[in-house]
Number of protein chains: 2
Amino acid sequence: MSTPNITSVNCESCPIRHRAVCARCNADELVELDAIKYYRTYEAGQTVIWSGDLMGFVGSVVSGVATLTQTMEDGRTQMVGLLLPSDFVGRPGRDGAAYNVVATTDVVMCCFRKKPFEELMERTPHVAQRLLEMTLDELDAAREWMLVLGRKTAREKIASLLSIIVRRDASLASNGIGKNIVFDLPLTREAMADYLGLTLETVSRQMSALKRDDVIKLEGKRHITVPNMERLLSEAGDDGDGGFIG
Amino acid sequence: MSTPNITSVNCESCPIRHRAVCARCNADELVELDAIKYYRTYEAGQTVIWSGDLMGFVGSVVSGVATLTQTMEDGRTQMVGLLLPSDFVGRPGRDGAAYNVVATTDVVMCCFRKKPFEELMERTPHVAQRLLEMTLDELDAAREWMLVLGRKTAREKIASLLSIIVRRDASLASNGIGKNIVFDLPLTREAMADYLGLTLETVSRQMSALKRDDVIKLEGKRHITVPNMERLLSEAGDDGDGGFIG
DNA sequence: CGTCCCAATTGATCTGGGTCAAGGTTAGTC
DNA sequence: GACTAACCTTGACCCAGATCAATTGGGACG
């Protein structure tokens, strides 16, 4: 499909503009979408939106990694979503943000102003359908994650998280079976702990244990090699079908 | 709004037929929906659908309680959804069931054959929009539950579950602040444990502790009185805004 | 080339909830 | 009205992971 009016090559990974729309849109709809589209960048550590704040846009991650977190009054925090490129943020039909959204690396977002986006959605059924598909995928991912949080051991949790990151990292998709998989963790130990319902000390210990047992290789703190993906998956406790996306 | 063609008074709580459709449907659409609608009943304990099986329908719970569960090879199980009346089951656009669906009480479901339902959805945008809204609500609930699973103590988990059941039970909606809230638990201790990522012994101990501390009254094993809802909510760790629906 | 800072590691100890085991309750059923 | 089978409660003990406390490593910057 052709992609007219693209202002950034990175926008290839924007699901609304390209996965949802281009495949089924007519030219008028594309022009209309481009009219309400804009890009924003956030630095690593910057909060994109605070829980409860008014959220005037919806959009998707073009590059970088962001997280959705919930916090209790006493400071306990749980990550409830991991936003990788192509993931959608925001909630058509509701104004307040339900979670904190934080950039954990530098992030580029492709945003649509909410009001006109909602109006477009009313008129173009395939956009609502595409959003429904994406939301159902997210729901599956959240439910998969409930199993991880509720029933897995610390070691299994870490292995699950690493599997998920490998699975989602587009640059790793080309890796054949049996080949080394190499990637950089986009999360600190503390963020990993918040995702998994652990403490950062336990994350660190289990990372060391997986390294000691040759399930992974660690260079520096973030650079990881997985010599045997099957091994990692079996450490995660899900044999075969693997974990979903956060 | 008027409700023509209703074949059962229970179907009042069916969200597709009534919440999604009636409010915005024209007469033709209603007739078409009724043409592909049918009712099924399941006994307590019966499995509605096994994970991985072909699922030829979508639908919603009219009465009773069902659960969505995931199981690991070694038998560890995690409940990932609690289906109360009006909740939707099934996944338009995907054929395999992703979870086990089990009736925990006698259940009446209002079902739509999947293929014609999907075709209807293509033609009538407001049905897809309504499904999107419901799915986003479920996603919020799942994420709320991730906080419970990942960061709350056993006592807080139990209090959270009780809060959610109170919140969802339509018959309790009329209870004013300060009044006793009385209800029957629709779940066994084991099902509660599977929802909360605990063992049934821990559930039992914490129920006893909440009873001892006068947060709840227990008659028999299932009949519960909450003398002070604020107290229960604060035991759940969510002050004010409370938990969502599973 | 030091030194400052923050992320990560590692160790020692503690504890909430798991595990294993022994009753107790209640609702059917004959 | 005793028998059975679920379901639930309670107790004793144990261990995975939390907590508290140093220490290490590595990149940025003067």
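Note on naming: letters A, B, ... go to the chains in the order of the sequence lines (proteins, then strands), and numbering restarts at 1 for each one.
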| For atom CE of A:Met207 and atom P of C:dA7, their distance in whole Å | 16 Å
| note | Nearest-nucleotide check on DNA chain C, A:Ser204 vs A:Arg151; residue mapping nearer the 5' end is A:Ser204
| message | Heavy atoms only, 4.0 Å cut-off, all strands: where does B:Gly45 land among base, sugar-phosphate and nothing? | response | nothing
| query | What integer distance in Å separates A:Glu156:CD from D:dA16:P? | reply | 13 Å
| field | Side-chain donor/acceptor of A:Thr104 to backbone N/O of A:Val65, under 3.5 Å | value | yes
| task | Have a look at B:Thr77 and tell me which of B:Asn100, B:Thr67, B:Asp194 forms a side-chain hydrogen bond (donor to acceptor under 3.5 Å, both in side chains) with it. | result | B:Asp194
| message | Heavy-atom nearest nucleotide on DNA chain D for B:Val203 versus A:Val203: which residue maps closer to 5'? | response | B:Val203
| Under 4.0 Å: is that the gap between some side-chain N or O of B:Thr188 and OP1 or OP2 of D:dC7? | no
| task | Using a heavy-atom cut-off of under 4.0 Å over every strand shown, decide if A:Arg155 touches base, sugar-phosphate, or nothing. | result | nothing
| query | So, do B:Leu82 and B:Arg168 sit near enough that their side-chain heavy atoms are less than 4.5 Å apart? | reply | no
| request: Taking only the side-chain heavy atoms of B:Arg189 (C-beta and beyond), determine which of C:dG17, D:dT9, C:dA8 contains the nearest atom. | output: D:dT9
| Parallel, tilted or perpendicular: rings of A:Tyr38 and A:Phe57 (30°, 60°) | perpendicular
| message | Atom CD of residue position B:Glu190 - does it have more than 12 heavy atoms of other residues, nucleotides or ligands inside 6.0 Å? | response | no
| message | Do B:Thr225 and B:Asn180 pair up side chain to side chain, a donor and an acceptor below 3.5 Å, judged on atom types alone? | response | no
| request: Send over the distance from B:Leu185 CG to D:dC8 C1', rounded to a whole Å. | output: 13 Å
| Between C:dA7 (P) and A:Leu187 (CG): distance, integer Å | 14 Å
| message | By the 4.0 Å heavy-atom rule, please label A:Thr199 as base, sugar-phosphate, or nothing. | response | base
| query | In terms of the nearest nucleotide of DNA chain D, which residue is placed more toward the 5' end: A:Lys152 or B:Ser208? | reply | B:Ser208
| request: May I ask you to verify if any side-chain N or O of A:Arg222 is less than 4.0 angstrom from the OP1 or OP2 atom of C:dA8? | output: yes
| For atom CD1 of A:Ile224 and atom P of C:dA8, their distance in whole Å | 11 Å
| query | Going through the checks in order, is the side-chain contact (heavy atoms from CB on, under 4.5 Å) test met by A:Asp140 and B:Arg94? | reply | CA-CA 12 Å; A:Asp140 277 345; B:Arg94 188 167 293 187; 3.3 Å; yes
| query | Mind checking whether B:Met79 and B:Val102 have side chains closer than 4.5 Å, heavy atoms only? | reply | no
| said: Expressed as a whole number of angstroms, how long is the span from A:Leu196:CG to D:dA18:C1'? | reply: 15 Å
| query | Within the structure shown, what part of the strands sits under 4.0 Å from B:Leu200 by heavy-atom distance: base, sugar-phosphate, or nothing? | reply | base
| note | Here the distance between atom P of D:dA16 and atom NZ of A:Lys157, to the nearest Å, is 14 Å
| message | Rounding to an integer number of Å, can you tell me how far B:Met192 CE sits from D:dC7 C1'? | response | 13 Å
Could you run down the sub-3.5 Å N/O contacts of the protein with nucleotides 20-25 of chain C?
from: C:dC20; atom 1: N4; to: B:Glu201; atom 2: OE2; distance (Å): 3.2

